[in-house]
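For reference, the structure discussed in these notes is given below.
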Amino acid sequence: MSDFVLSQIFVGFAICSDLISFQFKKRSWILCCLLLSCTLISIHFMLLGHWTAASLALLAAARFITSLFTTSRFALTFFLLASLSITAFTYEGILSILGVTGAMFGTTATFCKDDKRLRELMMICTSIWMIHNIIANSPGAVFMELIFISSNIIGYFRYYIRPARQAFSSVE
């Protein structure tokens with residue numbers, strides 16, 4: 001089996017974790033699903049030889065573990081600086097720039113105290129990673145990001161847009 005096919009299998013498992021992540025309301029459950037997904041995505045990018053993305057995904061896994069216990073500004077700053085350092089060390093052009101930009105939004109989202117802001121920033125993060133994955137030529141990862149953003153939008157609608165609409169209509 002080729003490294004490419006194996007990488008797409010790992011992304012397939014990450015898709016399963018991403019699919020359910022934003023259907024949870026509880027922040028800790030969302031973060032646990034994302035931790036598993038990032039680990040699988042890192043392996044996927046290692047198999048494709050995209051070392052900035054692989055390293056940023058591993059850092060994201062560590063970030064999700066950390067954020068289960070703290071949302072401190074110190075931790076946020078540490079992971080933002082670590083993302084920049086990893087990117088400088090593994091720089092590979094536009095893919096690295098897209099990866100670190102996505103990582104910055106993802107890192108900021110991870111340390112949000114409420115899930116609404118986390119969801120909003122993750123929509124931006126996911127959009128950037130989708131562009132990255134198109135350029136990286138990973139159809140499985142593009143599909144994963146499409147599912148991830150769709151799941152996030154559905155969850156956002158369920159928890160924030162629909163209740164607001166219902167509250168507005170009951171006032172009328």
Side-chain angles (χ1 to χ4, degrees), residues 2-15 17-18 21-22 27-28 30-115 117-149 152:
S2 73
D3 284 350
F4 177 79
V5 171
L6 191 56
S7 76
Q8 301 308 293
I9 291 170
F10 275 99
V11 144
F13 287 117
I15 287 170
S17 182
D18 280 347
S21 66
F22 282 110
R27 182 181 174 279
S28 61
I30 294 170
L31 294 173
C32 285
C33 289
L34 296 176
L35 163 65
L36 174 61
S37 177
C38 281
T39 304
L40 296 168
I41 291 166
S42 178
I43 297 167
H44 156 263
F45 281 124
M46 286 178 197
L47 289 165
L48 293 177
H50 295 301
W51 296 105
T52 301
S55 300
L56 289 172
L58 278 181
L59 181 65
R63 178 181 84 210
F64 288 129
I65 291 170
T66 303
S67 69
L68 284 168
F69 303 102
T70 183
T71 55
S72 78
R73 286 288 183 213
F74 175 78
L76 168 63
T77 302
F78 170 81
F79 282 101
L80 289 172
L81 292 174
S83 295
L84 291 170
S85 298
I86 284 171
T87 302
F89 184 71
T90 62
Y91 187 76
E92 55 188 352
I94 189 69
L95 287 177
S96 294
I97 293 167
L98 287 167
V100 76
T101 304
M104 294 298 191
F105 280 101
T107 299
T108 304
T110 302
F111 289 98
C112 288
K113 292 182 180 174
D114 70 282
D115 71 295
R117 187 74 173 144
L118 181 149
R119 292 169 191 275
E120 292 165 348
L121 290 171
M122 288 304 284
M123 285 183 215
I124 298 168
C125 170
T126 303
S127 299
I128 294 167
W129 277 105
M130 191 176 320
I131 295 165
H132 173 281
N133 295 339
I134 290 167
I135 295 170
N137 196 28
S138 178
V142 172
F143 183 64
M144 176 192 65
E145 298 298 352
L146 282 171
I147 289 174
F148 186 74
I149 201 165
N152 189 357

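Sequential numbering from 1 along the given sequence is applied to the chain's residues. Since the model is a prediction, treat every value here as computed from it, not as a measurement.
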**Item:** Partner residues of Thr108 under the side chain to side chain contact (heavy atoms under 4.5 Å, CB included) criterion, sequence neighbours left out
**Value:** Leu76, Leu80, Leu121
**Prompt:** Taking only residues two or more places apart in sequence or in another chain, which ones pass side chain to side chain contact (heavy atoms under 4.5 Å, CB included) with Ser28?
**Reply:** Lys26, Leu68
**Message:** Tell me if the CZ atom of Phe64 is crowded by more than 12 foreign heavy atoms within 6.0 Å.
**Reply:** yes
**Item:** CG on Leu59 to OG1 on Thr66, rounded to 0.5 Å
**Value:** 9.0 Å
**Closest contact, heavy atoms only, Ile15 versus Gly140** = CD1-O, 3.9 Å
**Side chain proximity check, Val100 to Met104, heavy atoms < 4.5 angstrom** = yes
**Prompt:** Do you know the tightest heavy-atom contact between Ala14 and Leu40?
**Reply:** N-CD1, 3.6 Å
**Prompt:** Can you pull the side chain to side chain donor-acceptor pair (under 3.5 Å) pairs that have at least one residue in residues 33-43, sequence neighbours excluded?
**Reply:** Asp18-Ser37
**Gap between atom CD1 of Ile41 and atom CG of Leu36 - 0.5 Å precision** = 9.5 Å
**Request:** Work out which heavy atom in Ala103 is nearest to a heavy atom in Ser83; give both atom names and the distance.
**Result:** CB-OG, 4.0 Å
**Message:** How close do Leu98 and Ile128 get, counting heavy atoms only, and between which atoms?
**Reply:** O-CG2, 3.2 Å
**Item:** For Ile9, side chain to side chain contact (heavy atoms under 4.5 Å, CB included) partners two or more places apart
**Value:** Met1, Val5, Phe13
**Request:** Could you list the residues that satisfy ring pair (Phe, Tyr, Trp, His ring centres under 6.0 Å) with His132, not counting sequence neighbours?
**Result:** Phe45, Trp129
**Prompt:** Under the side chain to side chain donor-acceptor pair (under 3.5 Å) test, which residues partner Thr90, sequence neighbours left out?
**Reply:** Thr52
**Fill in**
For Phe111, the ring pair (Phe, Tyr, Trp, His ring centres under 6.0 Å) test, sequence neighbours excluded, returns Phe79
**Fill in**
Applying salt bridge (Lys or Arg N to Asp or Glu O under 4.0 Å) to Glu92 and not counting sequence neighbours gives none
**Request:** Supply the atom-to-atom distance Leu95 CG to Asn133 CG, rounded to the nearest 0.5 angstrom.
**Result:** 9.0 Å
**Message:** Rounded to the nearest 0.5 Å, what separates atom CD1 in Ile30 from atom OG1 in Thr110?
**Reply:** 11.0 Å
**Asked** With sequence neighbours left out, what residues match Thr107 under side chain to side chain donor-acceptor pair (under 3.5 Å)?
**Response** Arg63
**Prompt:** Can you tell me how far SG of Cys38 sits from CG of Leu31, rounded to the nearest 0.5 angstrom?
**Reply:** 10.0 Å
**Asked** Out of curiosity, Phe78 CZ to Ser85 OG, how far, rounded to the nearest 0.5 Å?
**Response** 8.5 Å
**Asked** Is there a donor-acceptor pair closer than 3.5 Å between any side-chain N or O of Thr71 and the backbone N or O of Cys112?
**Response** no
**Request:** Over all heavy atoms of both residues, which pair between Ala75 and Thr70 is shortest? Give the atoms and the distance, please.
**Result:** CB-CG2, 4.1 Å
**Message:** A side-chain contact here means heavy atoms from C-beta on lying under 4.5 Å apart; do Leu58 and Met46 qualify?
**Reply:** yes
**Request:** Name all residues meeting the side chain to side chain contact (heavy atoms under 4.5 Å, CB included) criterion together with Phe4; count only those two or more places apart in sequence or in a different chain, and write none if there are none.
**Result:** Ser2, Ser7, Gln8, Leu48, Pro139
**side-chain contact (heavy atoms from CB on, under 4.5 Å) partner of Ile149, the single match among Met130, Met122, Met144** = Met130
